Every structure is written in structure tokens, then in C-alpha cells.
Amino acid sequence: MGRLFSSILLITLGAYLVGAQTTDTTLQERTYSEDVVDVVIKKITRANFASPDKGFMKRIACAESQYGTAPTTYANGYYGGVWQMDEANFLLTKNNITYPGLNEFHRKIFRSSLRIDWTKVEWQDLWKPLYSGLAARILLWIRQEAGHVIPDTLANQAVYWKTHYDIGGGTVEDFKAQVALCEGTLTCSGRMDLSIVLDGSGSVGAIAFREALGFVNNLIDTFSSANSTVAGDAGVRFAFMVYSDWQEIRFLLNNALTPAEMRRQVSTTYYPESGTSTGAAIIAAVNMFSESGPIRPGVAKVITVFTDGQSGDDVVGPASFAGRNEIDTFGVGIGTGINQLELTQIAQGRDDRTFMLSNFAGLTEFFRTMNEETCKIPQKPVLGAVTQDQVVKAEKRFFVFALPEEGITVVLDNKNGSTVSYYSYTDDTPSSAFNDGIINGTTHIPYRESDPEEISQIYISVRGEEDTNNYEISVAQYESTPPPTTTPIPTTLIPTTLIPTTLIPTTIAETTAEPTVPVTDPPTTTPIPTTLLPTTIAETTAEPTVPVTDPPTTTSIPTTVVLATDLATTVGTTAAVPTSVFVNASTPAGTDGPNTTTTSGATAIAVVNALFVWLSTTLMLSQ
């Protein structure tokens, strides 16, 4: 009995755990898509063992295999994967004799969040996208150590790729053409309040300062300030400030300027040509949000700081102050002599939100990357709020919600077109490549405990599938209904062959010696324990009449789980079996409770308890 119960417990809990697993296709062989590439790069960046790659990693994946969609990506016998890492280049990533610095770099990778021992990786492992991407990043590190720094612009990256990465058949023009196809035109039509803060200190120089003002205008033009996806809403709002050892606010978020008027205000900004007080400028930028009238609830708030060097005051405290006010910050280094550590401090410790630009010539192209990253900032609606929005094909929108212990109920209603939505407990940009579940219609998301020092949150993404997609999303605290007297078991948890004949032999009755019944005496029935079966069972089970000439009839245990409608014919009237152990023929699969996308721990416990009662009772009656 102990072995039987243990087997059933393992099967049930195993099914529960499978339902709760995180989807991560970067660790699966032969997977591909832009989502896969994005997650790989995000993992490598957040592992924080190498400097920012300036968007080059994604462009390599595009040029080499079209994000893995090219038919030759996983050709038989070739294991380069999404980044098409040739075996010769792969061997360089492990050659610590020629490149002794690799020993420490490998240790950094192993000590990072990736926890990969690169010394044990084989070329064949690169069919897993994370390993292919990591090989590419190690190779780029080797090139950088030799003095070949990754350039900023697409034109220079194309030359760098041909010289230091793909020594084979591709050309510089091939690289540029393929990247242009992959990147297309990026627009951000979401809701965001963006405050742009520009360093106007003397070290920038008058000519470079004027170039930077042109970049600010380009950045504003990339966002949809004039057109909103929500009726009566301003979409993306802008504020602009220039600073040195004092600040000048050119316009606030609630300005009534047209795009042309905003550009004119930026272009006519006076060059301060003084000291650098970046910390004070961040505090002033935080205050601009409250000075711009009522804060739009749930709308992402972003401060982007462009600076040419070290600040004369502290930036850690002001950046933390911004974070406490739910404002995300980006640090962009411009000019020369840039302090990478200070940029990371401005970005609240997020290396993936820092950018290095060696000169202003790269700004025109760089604003695309800036646009892409700021569009990933999630909106933060409160529980109970309803958000209406519109996305075009392949456009994504991100949200973050508080996650109470009761869990939440998400309602996603497509008004026009169609969308696909994912959620994650840990990743702020869930996608098809990395998620904890799919949101479809009304979905219950259970609570999961997070870091004790952090508030539990859930991240949600919505992606447009057709040319135009209007949707409405609302999230509320989950309210459970009183549980039924019996808990139906989903057909996916208890198949009809759950109890194999190897666990319960059909000859179990033979292991008990058959009593010798005197011809003149009737057989003695076995009393039913009142602790296992309801006290009314005796009233529903009549004592059978046993002929004096016949031995008692033993009841064999059913070797398969049966439908509740067939139970009486299988077990007979000698034992009452809880119908909750069986699949109810009248209940469709997948309709067992409020959540059709997740499996709760309570259900698993109810399953085990019900199985224990039924098996214990049946075994006792068969003896």
C-alpha cells in the first residue's frame, strides 16, 4: 500500500509541477525567432560580465541567419546555431593559451546569473540559442581585448562584422541590406511621459551641443506625440531640460506645443557652457512630473540623461529618488572620457539601460535603440483599472501589476483584430520565447512569492497579430468561489491508465488465504471502517445473501480508472467510491474551475487525498 500511494503521489505532483514550469526556448535546441534572439541578448546583458554591445549582437543574428529563420540555420552537421558560429571561431572562445584572459572571463560567466561552465561546452551545444549567442559574445570580447572596439554606426559595424566575425562569403553591403530588412521602421505608439535631460556643460563644446539639440528633435520625432492610440489621451508626452550647474526647463510634460513648436523650442536652446551637476538635474527632472499637472495613472515615466562625463555631484541618491517615484532612468554617455560606472548609477544599476557614444556622429542612428528600449518600459495600471489600447502588427505593449496573495484575474478583450499575450513572474518583457503562461480571454494568475524585500508583481505583454488591433485589458484581485464538495480531476492529470496493472496486480485476492466456510454457516462480512467511509454507507449497501454451499465472493480491484458513470458496474455495491477520483463523463475537459490555464496546489492535494481514501477503502474490502 505504501508503494502504491507513493507512486500515485509522485505522478500527481509531477503533473502539477509540469503545469507550473517556465517556458524558455533559448535553452531548447533548434529554436528561432526575433523573440528568442531578444531573450538571449537580454540574459547576456543582465549577466553583466561584458560591456554593452551597442546593438551589434542582434544585427549579427539578423545578418547571419535572419534570427534563425533561414533554412540553413540548423543544417545537418553544422552546429553554429542562430549566430552561425563556425567551429574555428568557437574553438577560439576556449583557447586560454593564446588568450590567457579567457580564464577569468570564463569564471565571470560561471559566476554570473547564467551559471555556464564554458570549458565544458561543445560546438554541438550551440544549437541551443543561448549557447550560440554566448559564443558570439565571447568572440567579440576577444576582439575587443585585441583593441578592436565595437563601433556605433551601422556602416562601421558592417565593416567590423566582415573583418572580425564573418571572414567567409558575406559582404559589407550584404550586412547592411539584411539589417535594414530586419529593423524596418520602428515607431512607438504607446503611452509614456518622457523627460529628456541634456548636459550643457563647457566640456561638451558649442558645435557638439548644437548637434545634440538636433538629436533631441530626432528622438521626439520617433515617438507618436501627435497621435494617440487612446481617445482623448496625449500618447507620448515630452519635457525637455538643459543643465550645467543650474537647470533651464524648456517645456513641461503638459505643454500645448505642436511638434513643430517643440522642435523650435529645442533648436533655440541657449548653451550654458558651465559646470556639470547631473544629480541636481535628475532631481529637477523628477519634480517636473509633479509640476506638469495631474500624473496620468499607469503611464510609464522615463528620464533620459545625456552627459559627457563625470558629474560634480552625487547621482546615486537622485537616481534612487527617481526609482522611489516609479520613474525609470537611462544614462547615455556622449563625447569622450565617459565614466561607465556613473552611467550605470544614473540608470539605477541597470547596465542594459546605459549607452556609450564616442561622438555625436552616432546619435542619429542611436536614437532607434533608445526608442526601442524606452518602449519596453511597462505601463503600471492599478488593480481594477481598464486600459484601452491599439497596436499594429508585431507591435508590443508591456504592463506590470501588483500581485496580491489571492492572485489576479486578467481579462483581455479584443475589440478589433487579434492579439497574443504572455505573462511572467520574473521577466519584465514576457514573450513567446520566455514566459510563465499565456493569457487568453479571462485568465487566473496565482500568487508566487518573490524576494521578501520586494513587492510581488506580474508582468504582461500584448502583441498585435493583424494590421490594426484594438483591445481592452483589465486586471482585478482574484475572488475565489466556495469549493464544491468533491473536486473533479482534470483529464490531463489522471488518464484512464493512471493505475497500471504493475502497481495493483489483478491477483491480489490470491495473496489472502480464502477462509474455509462451514457448509452450515454463512460467511462473515468485513465491517467497513467509519473513519474512511461515510457513516451512511451501511444504509446504501445491503448485505449480500450467500448460499450455504458456496464460498464467499472476493471483490477484485479495478485495474484501470473508469468513468464515474460506469463505476457501479465495475466495483459493484460492496464499496462506495468517491466520484471525485474519476473523470466525470458529463464534464468537458479543461473546465474544472475558474482557471483553465494553471494548476493550483490545492487541486493537487485534493487529488492525493481522494485517491488515498478510495484506495484504502477498496483494499480493505477486498481482503
Side-chain angles (χ1 to χ4, degrees), residues 184-200 206 208-243 247-272 281-282 284-306 327-330 332 334 360 363-377 379 387-392 395 397 464 467-468 470:
T185 302
L186 177 68
T187 58
C188 181
S189 59
R191 305 171 71 216
M192 177 171 57
D193 285 343
L194 175 59
S195 177
I196 302 172
V197 179
L198 176 63
D199 185 352
F209 181 76
R210 290 299 167 195
E211 291 178 348
L213 293 178
F215 165 71
V216 171
N217 278 332
N218 287 336
L219 183 62
I220 291 174
D221 286 342
T222 351
F223 293 90
S224 57
S225 56
N227 300 314
S228 172
T229 59
V230 182
D233 193 280
V236 179
R237 301 192 306 174
F238 301 95
F240 175 55
M241 176 179 69
V242 64
Y243 76 95
Q247 307 91 38
E248 180 190 1
I249 298 175
R250 299 295 288 163
F251 47 83
L252 293 170
L253 292 166
N254 61 345
N255 70 81
L257 302 174
T258 66
E261 290 171 337
M262 273 193 286
R263 287 194 295 270
R264 187 159 48 249
Q265 283 276 31
V266 170
S267 299
T268 57
T269 299
Y270 171 75
Y271 175 41
I282 293 174
V286 172
N287 293 332
M288 280 200 300
F289 286 91
S290 58
E291 294 170 5
S292 298
I295 295 176
R296 297 188 294 172
V299 174
K301 300 188 290 291
V302 179
I303 294 175
T304 302
V305 180
F306 299 90
I327 299 173
D328 294 279
T329 50
F330 287 77
V332 182
I334 53 177
F360 280 96
L363 289 177
T364 302
E365 183 178 314
F366 165 75
F367 76 79
R368 174 190 172 83
T369 305
M370 190 72 230
N371 179 299
E372 187 176 46
E373 289 302 316
T374 51
C375 283
K376 293 177 182 177
I377 303 295
Q379 298 180 32
T387 300
Q388 296 177 332
D389 197 9
Q390 181 186 93
V391 289
V392 297
E395 184 181 10
R397 199 76 74 239
D467 291 340
T468 303
N470 296 84

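Quick note: numbers below take in every heavy atom, side chains included, and nothing from hydrogens, waters or symmetry partners. Fair warning: this is a prediction, and the values are worked out from it, not measured in the lab.
In terms of the ring-ring contact (aromatic ring centres under 6.0 Å, His included) criterion, Phe251 has no residue partners (sequence neighbours excluded). Looking at residues two or more places apart in sequence or on another chain, you find no side-chain hydrogen bond (donor to acceptor under 3.5 Å, both in side chains) involving Ser292. By the side-chain hydrogen bond (donor to acceptor under 3.5 Å, both in side chains) test, Thr468 is found to be paired with no residue, residues two or more places apart in sequence or in another chain being considered. Under the side-chain contact (heavy atoms from CB on, under 4.5 Å) criterion, Ala260 pairs with Thr258, Arg263, sequence neighbours left out. Not counting sequence neighbours, the partners of Lys376 by the salt bridge (charged side-chain N to carboxylate O under 4.0 Å, His left out) test are Glu373. By the side-chain contact (heavy atoms from CB on, under 4.5 Å) test, Thr329 pairs with Ile303, Ala322, Gln348, sequence neighbours left out. With sequence neighbours left out, Asp193 forms a side-chain hydrogen bond (donor to acceptor under 3.5 Å, both in side chains) with Arg237, Arg296. Not counting sequence neighbours, the partners of Glu248 by the side-chain hydrogen bond (donor to acceptor under 3.5 Å, both in side chains) test are Arg250.
Here the closest non-hydrogen pair linking Phe209 and Pro272 is CZ-CD, 4.3 Å. Nearest heavy-atom pair, Ala284 versus Met241, reported as atom, atom and distance to 0.1 Å: CB-SD, 4.0 Å. For the pair Glu291 and Asn254, the tightest heavy-atom approach, listed with the atom from each and the gap, is O-ND2, 4.5 Å.
In this structure, CZ in Arg210 is found 8.5 Å from OG in Ser267, a value given to the nearest 0.5 Å. Considering CD1 of Ile377 and CG of Asp328, their distance stands at 4.0 Å, rounded to 0.5 Å.
Considering Asn217, Leu194, Leu213 in turn, Leu213 is the only one that fulfils the side chain to side chain contact (heavy atoms under 4.5 Å, CB included) rule with Phe240.
The side-chain heavy atoms of Leu198 and Phe306, taken from C-beta on, include a pair separated by under 4.5 Å.
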